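Below you'll find the structure, written out as structure tokens, and then a few comments.
Small disclaimer: the values here were computed from a predicted structure and weren't measured. Here is how names work: the chains are called A, B, and so on, in the same order as the sequence lines, proteins then strands, and each is numbered from 1.
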2 protein chains.
Amino acid sequence: MGMKARQPEMLVGDIDAAQCPSRVVLDHVTSRWGTLVLLMLRSGTHRFGELRRRIGSVSEKMLTQTLRVLEEDGFVQRTVFAEVPPRVEYALTEMGAEVAEHLAALGAWVEQNLPRVMAARGNKPL
Amino acid sequence: MGMKARQPEMLVGDIDAAQCPSRVVLDHVTSRWGTLVLLMLRSGTHRFGELRRRIGSVSEKMLTQTLRVLEEDGFVQRTVFAEVPPRVEYALTEMGAEVAEHLAALGAWVEQNLPRVMAARGNKPL
């Protein structure tokens with residue numbers, strides 16, 4: 001399983017182990033749309049259409065799938081309001097807010113250091 | 001371009017903007033193999049075969065492509081030693097070490113919180 005026993009009663013993941021489920025969870029939160037969804041939900045609850053517009057380049061199918069995975073993992077809370085047509089809202093859970101903080105630090109580093117990366121790339125387009 | 005001028009002479013990226021190159025760089029460092037390569041190079045220089053063995057599930061072609069992208073972005077330094085057969089080593093650059101710190105924090109969170117995610121998933125396999 002690629003799990004390490006740190007304390008007798010507690011198992012944690014081990015990303016170094018190819019079979020460890022922590023790699024799958026890492027893939028979910030670092031997936032192309034997963035990361036952007038988690039970052040955008042930091043600013044508060046969003047409806048599906050809002051997320052899709054802000055991300056700007058994701059298909060309805062891919063965004064639906066991304067949100068379902070993040071909901072299954074416990075990072076995103078999906079709330080359906082009994083209206084006609086039904087209103088569906090997405091928000092970060094406490095766990096989602098925690099992981100999103102790490103993604104935000106990573107994203108801020110990339111934003112701030114983009115000129116260094118572009119300089120390293122020389123004329124090579126991204 | 002999705003670039004924000006913070007100071008007159010400095011442009012930074014804007015991950016909120018669909019066309020911003022910072023999204024592409026974020027994709028590179030959060031790609032399935034990109035993240036694992038950056039994490040593994042934190043422990044020091046590695047040869048291609050060592051990286052491939054430690055990652056455990058990546059094809060030669062995908063690892064080659066991953067390393068080339070990270071080298072182009074300035075995160076990884078590739079050194080070829082004039083031996084027969086040539087020895088090729090990969091190491092983090094200063095910029096690579098910086099971004100890898102953020103990935104390590106994210107990875108540690110995922111490892112430590114894997115039991116919470118598994119609990120949220122109930123019986124649903126990853």
Fill in: Heavy-atom pair count under 4.5 Å with chain B, highest-scoring of His28(A), Met40(A), Lys124(A), Glu71(A)
Lys124(A)

Worksheet item: Is there a donor-acceptor pair closer than 3.5 Å between any side-chain N or O of Glu111(A) and the backbone N or O of Ile15(B)?
Response: yes

Worksheet item: CZ of Arg87(A): more than 12 outside heavy atoms within 6.0 angstrom?
Response: yes

Item to complete: Please step through side-chain contact (heavy atoms from CB on, under 4.5 Å) for the pair Val29(B) and Thr30(A), ending with a clear verdict.
Response: CA-CA 9 Å; Val29(B) 300; Thr30(A) 59; over 6 Å; no

Worksheet item: Where is the tightest heavy-atom contact between Ala120(A) and Gly74(B), given as atom of each residue plus distance?
Response: CB-CA, 3.7 Å

Discussion item. Can you confirm whether Leu36(B) sits close enough to Asp16(A) that some side-chain heavy atom of one is under 4.5 Å from a side-chain heavy atom of the other?
Written reply: no

Item to complete: Enter the distance from Arg32(A):CZ to Ser31(B):OG here, rounded to the nearest 0.5 Å.
Response: 10.0 Å

Practice prompt. Dump the intermediate steps for side-chain contact (heavy atoms from CB on, under 4.5 Å) on Ser22(A) and Val117(B), then the final yes or no.
Written response: CA-CA 9 Å; Ser22(A) 62; Val117(B) 174; over 6 Å; no

Worksheet entry | In one Ile/Leu/Val/Met/Phe/Trp/Tyr side-chain cluster, 4.5 Å: Val69(A), Leu26(A) | no

Fill in: Contacting region of Asp27(A) [heavy-atom separation from chain B under 4.5 Å]
side chain

Worksheet item: In terms of side-chain geometry, is the basic nitrogen of Arg116(A) or Glu98(B) positioned less than 4.0 Å from the acidic oxygen of its partner?
Response: yes

Worksheet item: In this structure, are over 12 heavy atoms from other groups packed under 6.0 Å from Glu83(B) atom CD?
Response: yes

Worksheet, complete the sentence: Taking every heavy atom of Leu126(B) against every heavy atom of Pro21(A), the minimum-distance pair comes out as CD1-CB, 3.3 Å

Worksheet entry | Taking every non-hydrogen atom, the tightest pair across Ala18(B) and Gly56(A) | CB-CA, 4.3 Å

Worksheet item: Is atom CZ of Arg42(A) surrounded by more than 12 heavy atoms (other residues, nucleotides or ligands) closer than 6.0 Å?
Response: yes

Discussion item. Once rounded to the nearest 0.5 Å, what's the spacing between atom CG of Asn113(B) and atom CZ of Phe75(A)?
Written reply: 8.0 Å

Item to complete: Treat each ILVMFWY residue as a node, draw an edge where side-chain heavy atoms are under 4.5 Å apart, and state whether Phe81(B) and Leu41(B) are in one component.
Response: no

Practice prompt. Output, in order, the C-alpha distance, side-chain angles, deciding distance and verdict of side-chain contact (heavy atoms from CB on, under 4.5 Å) for Ile55(A) and Arg23(B).
Written response: CA-CA 11 Å; Ile55(A) 294 179; Arg23(B) 282 204 189 171; 4.2 Å; yes

